[in-house]
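All remarks here apply to the structure that follows.
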Amino acid sequence: MATGSNMPLLLLAILAKVGVVLLVLLTTIAYAVWLERKVVARIQSRWGPYLVGPHGLLQPVADALKIFFKEDIVPTEVDRVVYCLAPFLAFSLALLSISVIPFGESVTIGGATIHFQITDLNVGLLFVFAVTSLGVYGVALAGWSSNSKYSLLGGLRSSAQMISYELSLGLGVVGVVMLAGSLSLREIVEHQSGLWNVFVQPVGFLIYFTAAVAETNRVPFDLPEGESELVGGFHTEYSSFKFAMFFMAEYANIVTVSCLATLLFFGGWLGPVFGPPLLRALLPVFWFCLKVFCFLFLYIWIRGTLPRFRYDQLMAFGWKFLLPLGLLNVLVTSLVLAWRST
Amino acid sequence: MFGSYLPILVHFVVVVVVAGAIMGLSAWVGVKRPSREKLSPYECGITPVGDARGRFSISFYLVGMLFILFDVEIAFLFPWAVVYRSLGWFGFIEMFLYIVILLAGYLYIWKKGALDWTR
């Protein structure tokens with residue numbers, strides 16, 4: 001890449017890109033919360049937030065300000081360093097994994113090529129999995145350091161659940177990797193120009209999405225936060241912005257997982273492109289955002305519809321159903337591919 | 001080659017600074033009126049009994065161990081999947097044997113009851 005004189009310029013360009021992506025991501029997180037409250041409210045015949053701004057649109061801002069100025073309680077018997085490290089880890093790792101997600105096709109305007117992506121790693125998929133799986137540290141450390149029984153149990157359950165479903169999460173996408181022959185997210189999307197992977201790998205998609213919902217600790221797999229038995233789970237003892245950071249991490253993970261589902265199975269930014277050059281350049285980004293939005297909506301819809309699993313059911317489902325199904329999917333896919341190549 | 005990792009480093013630094021800044025600022029601006037009761041661990045209004053870091057179910061360790069075994073296996077699957085198309089039947093048979101051996105272990109732990117949570 002660049003050397004010597006244009007290094008500062010390059011760094012500046014990267015910084016600008018990172019800034020824009022983070023800003024968009026944080027706004028998405030804030031409004032995903034608003035959307036969730038609104039949609040769940042309508043599912044339950046309520047209005048949801050409607051006082052702050054039109055349709056409650058300023059509610060996220062009000063919430064952020066309120067939570068920012070709240071008292072930051074650090075209970076006496078916690079392990080202070082680990083207690084502060086846990087939300088920090090969870091939050092920063094959740095924001096980090098967005099860096100390899102491509103949002104749209106590269107466009108060339110006036111000789112300059114713009115990539116809608118912070119960086120195109122050739123092992124992008126592996127990077128996302130590596131970073132998101134580190135997120136379990138935030139949960140486990142938070143549960144352990146709080147020195148509260150609810151936190152400890154919630155943290156243990158959470159981490160056991162997250163590592164169990166991570167297996168299926170990985171297995172679900174092996175089929176896609178086999179089809180595309182690459183771990184670069186950009187190449188995986190380009191490979192789907194004929195037919196979206198969801199039609200070729202329907203089982204893989206179902207495994208991936210189920211595991212992803214469990215991985216982000218959402219309904220119906222939200223046992224770690226089962227309010228009726230564990231108060232708040234691993235973040236029972238957290239207050240003020242540390243508490244908010246866990247929540248933002250959760251929503252950031254939901255966004256990442258939805259982006260990945262779009263890229264791996266629903267053709268990413270692929271869609272009908274027409275019109276003048278500017279529209280042509282922006283339409284792929286629009287398709288990508290639309291697909292991700294559909295996934296976010298699906299998440300909320302699931303939350304408004306399904307009851308919670310029991311913990312033993314949850315573990316049995318992951319280990320005895322999803323895992324063998326994932327292995328079977330890999331075997332069948334490889335068999336079909338080998339058959340076709342001869 | 002490593003040029004494509006530079007943006008990740010920048011991203012990481014930005015994220016760490018942002019996270020640290022808002023966490024530190026929030027802790028600094030917030031009012032502080034601590035009291036003994038407020039700082040005690042939450043236990044539904046009852047005075048906490050004993051330390052929370054006690055013994056817990058062995059099943060969690062078991063899940064951890066099984067996770068490592070299977071996760072390493074899936075990590076092995078990825079490089080194979082990337083080059084699979086150029087391997088053809090050879091790749092299929094190799095991986096078939098690998099997965100069968102793994103399945104034997106999987107059936108063993110199932111039979112032993114390691115996957116049953118309520119036992």
Side-chain angles (χ1 to χ4, degrees), chain A residues 1 11 14-15 17-18 22 68-73 75-77 87-88 91-92 95-96 99 118-121 126 147-150 152 156 160 163-164 166-167 170-171 174 177-178 181-183 231 236-237 240-242 245 311-312 315-316 319-320 323 327 330-331 334-335 337-338 341-342, chain B residues 3-8 10-12 14-16 18-20 22-23 25-27 29-34 38-44 48 51-53 56 59-60 63-64 66-67 70-71 74-75 77-78 81-85 88-89 91-92 95-96 99 102-103 106 110 115-118:
Chain A
M1 265 173 100
L11 272 180
I14 296 172
L15 258 179
K17 230 182 209 179
V18 168
L22 279 183
F68 190 77
F69 289 104
K70 282 282 175 187
E71 180 173 359
D72 195 5
I73 303 170
T76 36
E77 280 170 62
F88 179 76
F91 181 71
S92 43
L95 291 190
L96 187 62
S99 56
I118 292 179
T119 180
D120 184 20
L121 282 193
L126 223 50
N147 196 26
S148 155
K149 283 149 202 154
Y150 297 112
L152 183 73
L156 280 173
I163 58 176
S164 296
E166 210 174 288
L167 300 174
L171 271 180
V174 170
V177 176
M178 257 192 275
S182 169
L183 285 169
V231 191
T236 304
E237 292 294 343
S240 184
F241 220 82
K242 293 201 183 78
M245 281 169 97
Y311 198 70
D312 59 316
M315 295 307 270
W319 282 98
K320 292 184 179 171
L323 186 63
L327 279 175
V330 171
L331 274 182
S334 58
L335 186 65
L337 277 180
S341 65
T342 49
Chain B
S4 54
Y5 287 87
L6 181 69
I8 291 183
V10 175
H11 190 129
F12 182 70
V14 171
V15 162
V16 163
V18 168
I22 50 176
M23 210 167 103
L25 267 180
S26 163
V29 230
V31 280
K32 290 242 171 355
R33 288 195 207 91
K38 200 191 264 178
L39 294 184
S40 71
Y42 178 76
E43 209 137 309
C44 298
D51 196 82
R53 299 189 187 110
F56 53 83
S59 312
F60 289 112
V63 167
L66 294 179
F67 161 72
F70 282 92
D71 204 38
I74 290 163
L77 279 180
F78 274 103
V82 171
V83 294
Y84 182 70
R85 292 202 149 193
W89 282 109
F92 175 72
M95 205 32 91
F96 183 74
I99 290 179
L102 202 106
L103 271 177
Y106 176 72
W110 189 330
L115 303 182
D116 296 322
W117 197 259
T118 45

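Chain naming here is simple, since letters A, B, ... match the order of the sequence lines and numbering starts at 1 in each. The basis for the numbers below is simple: all heavy atoms, side chains too, and nothing from hydrogens, waters or symmetry mates.
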Q | Atom pair OG/CZ of A:S334 and B:F96 - distance to nearest 0.5 Å | A | 9.0 Å
Q. If you tally heavy-atom pairs under 4.5 Å against chain B, which of A:L121, A:L337, A:L152, A:L95 wins?
A. A:L121
Q: Determine yes or no for a side-chain-to-main-chain donor-acceptor pair under 3.5 angstrom, with A:T119 supplying the side chain and B:S4 the backbone.
A: yes
(Q) Tell me the closest heavy-atom pair linking A:L335 and B:Y84, and the distance in Å. (A) N-OH, 4.3 Å
**Q.** Rounded distance [0.5 Å steps], NZ in A:K242 versus OG in B:S26
**A.** 7.5 Å
Q | Which atom of A:F68 lies closest to which atom of B:V29, heavy atoms considered | A | CE2-CG2, 3.6 Å
Q | Partner residues of A:S92 under the side-chain hydrogen bond (donor to acceptor under 3.5 Å, both in side chains) criterion, sequence neighbours left out | A | none
Q) In chain order, what residues pass the side-chain hydrogen bond (donor to acceptor under 3.5 Å, both in side chains) check against A:D120, with sequence neighbours excluded? A) A:S184
Q: Report yes or no: does B:H11 contribute a side-chain atom to a donor-acceptor pair with the main-chain N or O of A:L22 at less than 3.5 Å?
A: no
Q. Most heavy-atom pairs under 4.5 angstrom with chain B, which of A:L126, A:D72, A:L167?
A. A:L167
Q. Can you tell me how far the CG atom of A:L323 sits from the CG atom of B:L115, to the nearest 0.5 Å?
A. 8.5 Å
Q. Can you tell if the side chain of B:I8 reaches within under 4.5 Å of the side chain of A:I118, non-hydrogen atoms only?
A. no
Q: Taking the side chain as every heavy atom from C-beta outward, state whether B:R85 and A:M178 have any pair of such atoms under 4.5 Å apart.
A: no
Q | Atom of B:G20, atom of A:F88 and distance for their closest heavy-atom approach | A | N-CE1, 3.5 Å
Q. Between A:F69 and B:V31, is a side-chain contact (heavy atoms from CB on, under 4.5 Å) present by the stated rule, with each step listed?
A. CA-CA 7 Å; A:F69 289 104; B:V31 280; over 6 Å; no
Q.
Between B:I99, B:V82, B:V15, who has the most heavy-atom pairs with chain A when the cutoff is under 4.5 Å?
A. B:V82
Q. Can you say whether the rings of A:W319 and B:F70 are parallel (under 30°), tilted (30 to 60°) or perpendicular (over 60°)?
A. perpendicular
Q.
Quick check for you: among B:V83, B:V18, B:D71, which has the greatest number of heavy-atom pairs under 4.5 Å with chain A?
A. B:D71
Q) Do you know which two heavy atoms are closest between A:E166 and B:F67, and how far apart they sit? A) OE2-CZ, 3.8 Å
Q: Identify which of A:D312, A:I163, A:V177 forms the greatest number of heavy-atom pairs closer than 4.5 Å to chain B.
A: A:I163
Q) Looking at A:L156, A:V174, A:L327, which makes the most heavy-atom pairs under 4.5 Å with chain B? A) A:L156
Q. How close do A:F91 and B:A19 get, heavy atom to heavy atom, and via which atoms?
A. CD2-CB, 3.5 Å
Q. Which answer fits A:E237, side chain, backbone, both or neither, if we ask what part of it has an atom under 4.5 Å from a heavy atom of chain B?
A. side chain
**Q.** Part of B:L103 lying under 4.5 Å from any heavy atom of chain A
**A.** side chain
